[in-house]
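In each ligand, atom 1 is the first atom listed, and ligand 1 is the first ligand listed.
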Amino acid sequence: MNILVVGGAGYIGSHCVRQIVAAGHRPVVLDSLIYGHRQAVASDIPFYQGDLADQPFVRQVLRKEKIDLVMHFAAFINVGESVSDPIKYYKNNVVKTLALLETMLEENVKKFIFSSTAAVYGMPDTMPITEDVRKAPINPYGQTKLDCENLLASLAKAHGLSYSVFRYFNACGDAVDGTIGEDHSPETHLIPNVIRAALGLAPTLKIFGNDYPTPDGTCLRDYVHVDDLARAHIAAFDKLGAPGTELHFNLGTGRPYSVLEIIQAVEKVSGKKVPVEFTPRRAGDPPELCADATRAREFLGWKPQFDTVESIIETAWRWHSTHPNGYR
Ligand code: UFG
């Protein structure tokens, strides 16, 4: 299949491009390069720089490359920024997604895979989280993702769009060969920040709160390798044949780790001590998020290949220790 990967030069998108090639399909990348990195995409992959909401441009790409299915990774992801600048988030994450979908439907491209997030659930009472748990986002980032999910449901019913939504828990890890990886600016995610502190690139790792109702007082999260996320997307390709198909999957390993456990795992993998500093809680952090991914396992035959956090951190250590400034 010819797959248009919107946001294919970003962290998850670029890893997905590689898995698409490995699975024998043909990726085409569209990325604005506002946050993406040109070097994250091999030079032999067709690459178009531009905006997903530029309808004449996207129309031309869909036609020229005979696109069968679109995957959309081009969202803004910084939760804190979404609180301080919601217009930026609604414009990029919702309005531009609407424009992309409109262009697709006009061009009769009706298969779509959407990157969603555990943030659509907010702070659920039940753990682990199944897909039918109530959606109650607690920040604009999560709300924009849920708005897109609702839009997809309407388009499936009105126009026969077939789609799959993947709600990622904590995406992490990097390519096994160490050649592409996570490079966010600013970096807010735990594992890259712990590694930066281990490498001496940051004075300390700030631990945001140790008074949570968890065994060691720090937050629990479900860390899932980016290549495992990508493989779930590819497994959904042949489930989107019937018009109006609507699929929703949580993606996580189902084993939560605390912030302190992540620090210990980085110390074990790297052989280095991580200097830490305890600070107050970060606003909006739920104590625990853990996926029940039974549906992906049963319906897609998905099985995470990285099933321990050490195996994930080994890949992250390889990337960050050899690319201390990311792609720069
Ligand atoms: N943390 C620290 N210090 C840091 C960074 C993170 O203590 O420097 C802690 C956080 O407080 C949290 C845990 O490490 O308890 C994980 O934090 P991340 O920022 O790595 O990830 P989040 O769980 O906050 O966010 C992830 C995705 C979001 C998504 C969210 C779903 O990155 O896109 O899960 O709730 F919205």
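Classification of D227 and R18 as a salt-bridged pair fails, no side-chain N sitting under 4.0 Å from a carboxylate O. We find that R281 and D211 are joined by a salt bridge, their nearest charged nitrogen and carboxylate oxygen being less than 4.0 Å apart. A salt bridge between R167 and E131 is absent, with no side-chain N of the basic residue lying under 4.0 Å from a carboxylate O of the acidic one.
Only the side chain of Y141 comes within 4.0 Å of ligand 1, counting heavy atoms alone; its backbone N, CA, C and O stay farther away. Within the 4.0 Å heavy-atom criterion, neither part of Y212 lies near ligand 1. The side chain of L289, and not its backbone, has at least one atom closer than 4.0 Å to an atom of ligand 1 (non-hydrogen atoms only; side chain from C-beta on). Contacts with ligand 1 closer than 4.0 Å are made by side-chain heavy atoms of R221 only, the backbone lying farther away. At a heavy-atom distance under 4.0 Å, only side-chain atoms of V259, from C-beta outward, approach ligand 1.
Heavy atoms of F278 come nearer than 4.0 angstrom to ligand 1 in no pair at all.
Where the criterion is an N or O separation shorter than 3.5 Å, residue side chain and backbone included, L205 fails it with respect to ligand 1. Between A118 and ligand 1, not a single N/O pair is under 3.5 Å apart. Polar contact check, D285 against ligand 1: a nitrogen or oxygen pair lies under 3.5 Å apart.
The ligand atoms of ligand 1 that sit less than 4.0 angstrom from a heavy atom of T117 are 29 (C), 31 (C), 36 (F). Listed by number with element, the atoms of ligand 1 under 4.0 angstrom from any heavy atom of A119 are 31 (C), 35 (O), 36 (F). Heavy-atom contacts of C219 reach the following atoms of ligand 1: 15 (O) (cutoff under 4.0 Å). Atoms of ligand 1 found under 4.0 Å from any heavy atom of I207 (numbered from 1 in listed order, with element): 7 (O).
Each of E102, E106, E107, Q60 was checked for a side-chain hydrogen bond (donor to acceptor under 3.5 Å, both in side chains) with Q55, and the lone residue meeting it is E102.
The distance between the ring centers of Y35 and F76 falls below 6.0 angstrom.
In plain terms, the two heavy atoms of A265 and V309 that are nearest each other are CB-CG1, 4.0 Å. Summarising the geometry of L52 relative to V58, their closest heavy-atom pair is O-CG2, 3.4 Å, with the distance given to 0.1 Å. Scanning all heavy atoms of the two residues, the minimum distance from A40 to I180 falls at O-CG2, 3.8 Å.
Looking from atom 16 (C) of ligand 1 to the surrounding protein, the closest heavy atom is Y223 OH, 3.7 Å. Summary of contacts: the protein heavy atom closest to atom 24 (O) of ligand 1 is R282 NH2, 2.8 Å. What sits closest to atom 26 (C) of ligand 1 on the protein, heavy atoms only, is N170 ND2, 3.6 Å. From the protein, the heavy atom lying nearest to atom 4 (C) of ligand 1 is F208 CE1, 3.4 Å. With hydrogens left out, the protein atom closest to atom 20 (O) of ligand 1 is L190 N, 2.8 Å, a heavy atom. From the protein, the heavy atom lying nearest to atom 32 (O) of ligand 1 is H189 NE2, 2.8 Å. Among all non-hydrogen protein atoms, the one lying nearest atom 3 (N) of ligand 1 is K206 O, 2.7 Å. Of the protein's heavy atoms, N193 ND2, 3.3 Å lies nearest to atom 8 (O) of ligand 1.
No side-chain heavy atom of L220 sits under 4.5 Å from any side-chain heavy atom of Y212.
Remark: R255 is positioned above the aromatic ring of Y257, its terminal NZ or CZ atom under 6.0 angstrom from the ring centre and at most 45 degrees off the axis.
Qualifying side chain to side chain contact (heavy atoms under 4.5 Å, CB included) partners for K268, counting only residues two or more places apart in sequence or in other chains: E310. Shown here are the side chain to side chain contact (heavy atoms under 4.5 Å, CB included) partners of S115, two or more places apart in sequence or in another chain: F73, K145, Y168.
Linking ILVMFWY residues whenever their side-chain heavy atoms come closer than 4.5 Å, directly or via other members, leaves Y11 and I77 in distinct clusters.
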